[in-house]
Trainee: 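Have a look at this one.
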Amino acid sequence: MTPPPDRPDDDDDGSDQSADAAFSRQRELETELEREKGFLRTLIRTIPDLVWLKDPDGIYLACNPKFERFFGATEAEIVGKTDYDFVDADLADFFRAHDRMAMEAGGPSVNEEEITYADDGHRELLETIKTPMHDAQGVLIGVLGVARDITQRRHAEDQIRKLSRAVEQSPSSIVITDLDARIEFVNDAFLRTAGYRREEVIGQNPRILQSGETPKETYHALWRALQQGQQWQGEFHNRRKDGSEYVESAIIAPIRQEDGRITHYLAVKEDITEKKRNAEELDRHRHHLLDLVAERTLQLAQAKDAAEAANRTKSSFLANMSHEIRTPMNAIIGLTHLLQREQPTERQHDRLQKIASSASHLLGVLNDILDISKIESEKLVLESAPFSLNELAENLESLISDRLLAKGLRFETDLADLPTLLIGDRMRVSQVLLNYLANAVKFTEAGVIRLRGRVIEEGANTLLIRFEVSDTGIGISAEVRQRLFQAFEQADASTTRTFGGTGLGLAINRRLARLMGGDVGVESEPGQGSTFWITLRFGKEDWLEPPPRAEDDNRLEDALRRDFSHCRILLAEDDFINQEVALELLRNAAGLHTDLAVNGEEALALAANTAYDLILMDVQMPLMDGLEATRALRLLPAYAHTPILAMTANAFDEDRQRCIAAGMNGHVPKPVDPDRLFEVMLHWLRPHRREPR
């Protein structure tokens with residue numbers, strides 16, 4: 001057949017239709033591809049993990065918002081760049097190396113990385129999966145990375161591992177069963193105690209350990225507690241695999257899930273066989289020892305009574321010794337004071353001064369002995385009151401001025417850096433510094449004595465101050481320095497003969513320093529002088545005003561004579577010489593009308609017929625002592641508020657407290673310091689300045 005003639009128009013129409021179909025198909029494919037890209041982009045952006053895509057050269061093609069947070073940049077700022085544009089070279093090399101591992105492996109590469117986020121700096125442990133991407137022809141087109149935060153998972157895994165190790169390594173037997181009491185887990189300690197292998201007990205009931213010696217009620221109580229969801233504690237008498245028996249202490253409790261369901265039981269057990277055996281042995285010994293303990297208790301009680309009796313005897317002896325010494329000392333010091341007022345000749349004045357100095361020294365020895373006794377018996381009470389440091393330093397210089405002058409020694413102070421006002425026990429501070437200064441003068445023949453002070457520690461309300469007393473004296477060897485601050489110790493026997501002293505001053509300084517929160521020490525070399533130091537803790541209050549300076553002797557006497565000569569004083573004193581001294585001071589020195597009573601009964605009789613403005617009361621008197629007399633006076637309406645001052649040789653703190661408890665207002669210890677007596681009298685008379693009663 002002859003083919004039909006060509007029809008150009010028809011051919012053109014067919015070609016156009018084919019082209020339109022191809023174009024339409026291409027548009028559909030592109031649309032589908034865009035839709036898939038959009039779906040993929042949406043998928044990537046909604047995944048909560050870090051997701052990114054790189055080409056084989058490490059150039060970013062896409063990423064999700066969480067990855068943007070990691071770099072601290074937007075996707076538009078990340079795409080087209082590499083890791084080297086965002087992180088340091090070492091970290092970028094690390095990322096690139098793992099990319100190559102994934103590409104070379106031809107499959108996913110998994111690793112862990114510590115990541116620090118750029119936007120807020122927090123760190124996460126990430127598990128990173130990098131997967132090579134290929135096209136339809138198998139050509140590598142990039143690497144897809146996904147990183148997930150495994151910080152909490154790793155922490156939980158670590159906790160589980162720790163718990164597992166703790167359970168496995170626990171010295172106590174641990175058993176976990178299901179609700180039907182089938183054993184699901186035992187630790188090594190259980191296997192060692194029971195003697196079974198693990199496979200022999202898993203799936204078994206714990207009754208395989210029963211020996212028949214455990215009371216049935218024990219098991220009934222156990223199951224009652226567990227069925228009520230409660231913990232049970234008790235003992236089992238069990239049998240090992242080899243037939244030997246043992247005693248276990250057990251705590252069994254239900255294991256609850258998060259929703260409260262009980263799914264298992266946990267038993268923690270301890271082999272107490274040896275403990276029980278030891279307890280029984282100890283019980284036998286205990287019964288045997290009861291008689292011994294009772295006998296020893298009786299002996300200790302007797303020893304305690306003896307010790308307390310000895311202590312009471314010691315305290316009574318010290319109190320009596322103090323009283324017996326202070327009473328004549330009061331006469332010696334008082335009469336000396338009176339004689340010095342009567343314009344003696346130069347020779348008489350010199351001898352009176354020596355008597356006063358000797359009496360003062362003897363009083364210092366007595367006070368040292370009593371201080372040591374009080375400190376050792378923990379009866380020393382420290383005061384806490386404001387005082388002027390400058391006034392204290394001036395007083396110290398006046399106390400040693402005669403000795404300085406006699407030896408031609410200079411005295412220098414350096415206290416300028418210290419507060420002028422401190423809170424503490426002024427008398428004890430003066431005592432410890434005077435001990436140091438007196439020793440410095442005693443052992444120095446020429447040169448200078450220096451008193452220095454500086455703050456070495458400061459708190460909100462306290463100061464720790466270091467005082468130093470330096471001299472240019474004979475110095476002290478290293479051997480002697482080690483024992484200087486012990487009681488009754490001096491440099492050597494020759495110094496005792498040459499310089500005198502009790503050997504108590506430095507020991508008292510150390511004990512007082514420690515009571516006041518400090519310590520003591522010495523720096524010295526033979527022939528090079530010595531520096532004794534002490535640290536003391538003080539209170540500080542910037543708003544406190546310095547205490548008023550004490551008035552001198554003449555001003556005190558003048559004040560009494562001027563303002564209170566109309567007042568009538570009652571003195572109750574049984575010692576004849578002390579009567580003479582006190583009356584001379586009160587009548588002639590202070591110009592006060594003064595009556596005398598020789599005991600408490602007489603004082604009470606005089607007070608009943610005469611109105612007194614102030615009463616000075618001795619404590620130890622015949623017929624009626626001062627305490628009983630004071631209590632009786634306070635019952636009289638006229639003497640409910642009259643100042644009554646103890647003037648007594650009973651100088652202990654407990655003596656002072658007994659006086660206050662009896663109704664006295666103050667306490668002036670013997671030997672009486674006239675200045676102190678006048679100062680206390682002024683203190684109690686001034687609030688009552690008026691016409692005589």
Side-chain angles (χ1 to χ4, degrees), residues 22-161:
F23 179 75
S24 176
R25 180 60 180 163
Q26 180 66 28
R27 290 295 298 273
E28 290 176 1
L29 290 174
E30 290 178 355
T31 301
E32 182 66 22
L33 181 60
E34 287 298 323
R35 186 164 51 252
E36 290 180 357
K37 284 183 178 180
F39 175 76
L40 180 60
R41 181 175 298 278
T42 301
L43 179 63
I44 289 174
R45 296 188 68 84
T46 55
I47 292 175
D49 302 325
L50 280 80
V51 182
W52 67 94
L53 181 63
K54 297 180 185 176
D55 69 10
D57 295 324
I59 297 174
Y60 283 99
L61 302 176
C63 67
N64 71 343
K66 189 162 186 179
F67 192 84
E68 292 176 330
R69 288 181 52 212
F70 167 50
F71 274 162
T74 64
E75 182 181 22
E77 294 169 333
I78 295 172
V79 171
K81 296 180 182 178
T82 69
D83 293 317
Y84 294 94
D85 295 311
F86 299 98
V87 298
D88 59 63
D90 290 340
L91 186 58
D93 289 342
F94 175 79
F95 290 160
R96 187 61 181 152
H98 281 278
D99 290 345
R100 284 195 292 269
M101 286 174 58
M103 290 187 289
E104 291 170 0
S109 172
V110 181
N111 61 284
E112 294 180 0
E113 300 172 6
E114 280 276 3
I115 297 297
T116 300
Y117 281 82
D119 62 344
D120 58 7
H122 82 278
R123 295 180 67 82
E124 290 180 0
L125 177 64
L126 300 180
E127 181 181 69
T128 302
I129 303 175
K130 297 181 179 179
T131 306
M133 305 290 291
H134 300 83
D135 62 13
Q137 287 73 38
V139 177
L140 179 68
I141 61 174
V143 176
L144 175 66
V146 179
R148 173 165 296 173
D149 180 10
I150 61 170
T151 307
Q152 295 300 323
R153 188 182 78 188
R154 178 54 51 84
H155 178 71
E157 291 172 351
D158 291 342
Q159 293 297 106
I160 291 173
R161 280 193 292 271

Trainee: Check for a donor-acceptor pair, side chain of Asp57 on one end and backbone N or O of Ile59 on the other, with a separation under 3.5 Å.
Mentor: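 Answer holds: no.
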Trainee: Looking at every non-hydrogen atom in both residues, tell me the closest pair between Ala147 and Leu126 and how far apart they are.
Mentor: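 Smallest heavy-atom distance, with atoms named: CB-CD1, 3.9 Å.
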Trainee: Checking side-chain contact (heavy atoms from CB on, under 4.5 Å) for the pair Met133/Leu53: CA distance, chi angles, key distance, verdict?
Mentor: CA-CA 9 Å; Met133 305 290 291; Leu53 181 63; 4.2 Å; yes
Trainee: So, do Cys63 and Glu68 sit near enough that their side-chain heavy atoms are less than 4.5 Å apart?
Mentor: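 Heavy-atom side-chain distance check passes, below 4.5 Å.
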Trainee: Looking only at heavy atoms, which two atoms of Phe86 and Ile78 are closest? And how far apart?
Mentor: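 Closest approach of Phe86 to Ile78, heavy atoms only: CZ-CA, 3.8 Å.
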Trainee: Could you tell me whether the side chain of Phe71 reaches within less than 4.5 Å of the side chain of Asp85, counting heavy atoms only?
Mentor: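 No; the side chains remain at least 4.5 Å from each other.
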Trainee: With rounding to the nearest 0.5 angstrom, report the CG to CG distance, Asp149 to Leu125.
Mentor: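 Between atom CG of Asp149 and atom CG of Leu125 there are 7.5 Å.
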Trainee: Any chance you could measure Glu75, atom CD, to Phe67, atom CZ, to the nearest 0.5 Å?
Mentor: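 Here the rounded value is 10.5 Å.
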Trainee: Decide yes or no for Leu144 and Ile129: does some side-chain heavy atom of the first lie under 4.5 Å from some side-chain heavy atom of the second?
Mentor: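 No; the side chains remain at least 4.5 Å from each other.
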Trainee: Closest heavy-atom contact between Asp83 and Lys54?
Mentor: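 Smallest interatomic distance, heavy atoms only, reads OD2-NZ, 2.6 Å.
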Trainee: Closest approach of Tyr84 and Ala89, non-hydrogen atoms and distance?
Mentor: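 So the two residues come closest at CE2-O, 4.1 Å.
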Trainee: Over all heavy atoms of both residues, which pair between Ala102 and Lys130 is shortest? Give the atoms and the distance, please.
Mentor: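 Result for this residue pair: CB-O, 3.3 Å.
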Trainee: Any heavy-atom pair between the side chains of Phe70 and Trp52 that's under 4.5 Å?
Mentor: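 No; the side chains remain at least 4.5 Å from each other.
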Trainee: I'd like to know if the side chain of Asn64 and the backbone of Ile47 have a donor-acceptor N/O pair within less than 3.5 Å.
Mentor: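 Yes; judged by distance alone, with no hydrogens or angles, the pair exists.
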Trainee: Apply side chain to side chain contact (heavy atoms under 4.5 Å, CB included) to Leu91 and list each qualifying residue two or more places apart in sequence or on a separate chain.
Mentor: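 Listed in chain order: Val87, Asp88, Phe94, Phe95.
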Trainee: Main chain of Val146, side chain of Asp49: is a donor-acceptor contact present, judged purely on distance under 3.5 Å?
Mentor: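 Not at all, since once roles are kept as given, no pair shorter than 3.5 Å links the two residues.
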Trainee: Please name the pair of heavy atoms, one in Pro132 and one in Met103, separated by the smallest distance, quoted to 0.1 Å.
Mentor: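 Heavy-atom minimum between the residues: CB-CA, 4.3 Å.
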Trainee: Could you check whether any side-chain N or O of Glu127 sits under 3.5 Å from a backbone N or O of Arg148, counting only pairs where one atom can act as donor and the other as acceptor?
Mentor: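 No; zero donor-acceptor contacts below 3.5 Å.
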